[in-house]
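Written out below as structure tokens is the structure these notes cover.
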Amino acid sequence: MVDGLRAGNLTKLNPVTDIAANLKVVEDRITAAARRVDREPAEIRLLPVSKTKPPAAVLEAHAAGYRRFGENKVQEAQVKWKALSGHADLEWAVIGHLQTNKAKHVARFATEFQALDSLRLAAELDKRLHAEGRRLEVLVQVNSSNEDQKFGLPPEEVVGFAEQLRAFDALEVRGLMTLALFTDDQARIAKCFERMLQVQRELRDATGEPWNELSMGMSGDFELAIEHGSTCVRVGTAIFGSRGSGDSPETWWPGLFQ
Ligand SMILES: *Cc1c(COP(=O)(O)O)cnc(C)c1O
């Protein structure tokens, strides 16, 4: 078991050389996918997802021109925010489910939150943001695959939810986020993305607002997502390497989760 972990470590990326090269490969794949459907590559934002990776990995990507990073756990994101506070232009996007009692932390340091899925959470974030004198870019998470995920709003509830969000003026609501079905079946993944475009159309009709941001696509499906209108791809593994079992924040920050 321990030997297995060590063997895994040998195949880890060398962060000093590989992250910039991986970013270039992903950028080229984004460009090619956009061109296939006559979209402008500049319409698509690449959000590197640095979860489980050390601050040094974030700095590698920062040196390659990236400022905003995706994290799915608040505590880990906060540790990196503090560790890298000398880099004033760094921004953090929280992309994972958030418990209401952690909203106060997100209100303090995040620039963007992509997993809004309850009014209670919206109200708490709004209250905490006002207290901090801050605002937050927000995406509403939609459960586009229905039964297979527990987070995100059912598509048919999004319009009603969106109308109630107007009450929270510290939230800059930009659009929608989803995780597609986790499968190799491209047709079923595409169905999730198509469902998102449909929800976006309903929102535009109902609210008269643009709802332009569609955050969809990860390492395994970002090209398909771009072909279906994604404006933000959240890519971790293809940039920073796999997240092995020996690759937890505990290894670069002992005591973090005590
Ligand atoms: C981890 C994560 C990603 C990135 O996943 P990869 O497959 O490593 O690219 C994207 N979105 C969310 C919400 C995540 O938690």
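Just so you know, ligand 1 is whichever comes first in the structure, and atom 1 is the first atom listed for that ligand. All figures in this text were calculated on a predicted structure; none of them were measured in a lab.
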Exercise. Please answer whether the main-chain N or O of W211 pairs with a side-chain N or O of Q200 as donor and acceptor at a distance below 3.5 Å.
Key: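 It does hold such a pair.
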Quiz prompt | Short side-chain to backbone donor-acceptor contact, S219 and A238, under 3.5 Å | solution =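 Present.
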Exercise. Measure centre to centre between the rings of F109 and W81, then say whether the value is under 6.0 Å.
Key: yes
In ligand 1, which numbered atoms sit nearer than 4.0 Å to a non-hydrogen atom of [X]?
X	value
S219	6 (P), 7 (O), 8 (O), 9 (O)
V235	9 (O)
R234	4 (C), 9 (O), 10 (C), 11 (N), 12 (C), 13 (C)
T237	6 (P), 7 (O), 8 (O), 9 (O)

Where is the nearest protein heavy atom to [atom]: which residue, which atom, and how far?
atom	answer
atom 2 (C) of ligand 1	K51 NZ, 2.6 Å
atom 12 (C) of ligand 1	I95 CD1, 3.5 Å
atom 5 (O) of ligand 1	M218 CE, 3.6 Å

Quiz item: Side chains of S215 and R234: donor-acceptor distance under 3.5 Å anywhere?
Solution: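 There is such a pair (donor and acceptor under 3.5 Å, judged by atom type) between the side chains of S215 and R234.
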Self-check item: Side-chain donor-acceptor pair present, S50, E71, cut-off under 3.5 Å
Solution: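 Looking only at side-chain atoms, E71 and S50 do form a donor-acceptor pair, the distance falling under 3.5 Å.
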Quiz item: Do any heavy atoms of Q114 fall under 4.0 Å from ligand 1?
Solution: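 No, Q114 has no heavy atoms under 4.0 Å from ligand 1.
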Practice problem: Could you tell me whether G236 and ligand 1 have an N or O pair separated by under 3.5 Å? | Solution: yes
Exercise. Could you walk me through whether N143 and R195 pass side chain to side chain donor-acceptor pair (under 3.5 Å), step by step?
Key: CA-CA 10 Å; N143 181 352; R195 191 79 179 87; over 6 Å; no
Exercise. Quickly, which of L139, V49, L179 forms a side chain to side chain contact (heavy atoms under 4.5 Å, CB included) with I95? Name it, please.
Key: V49
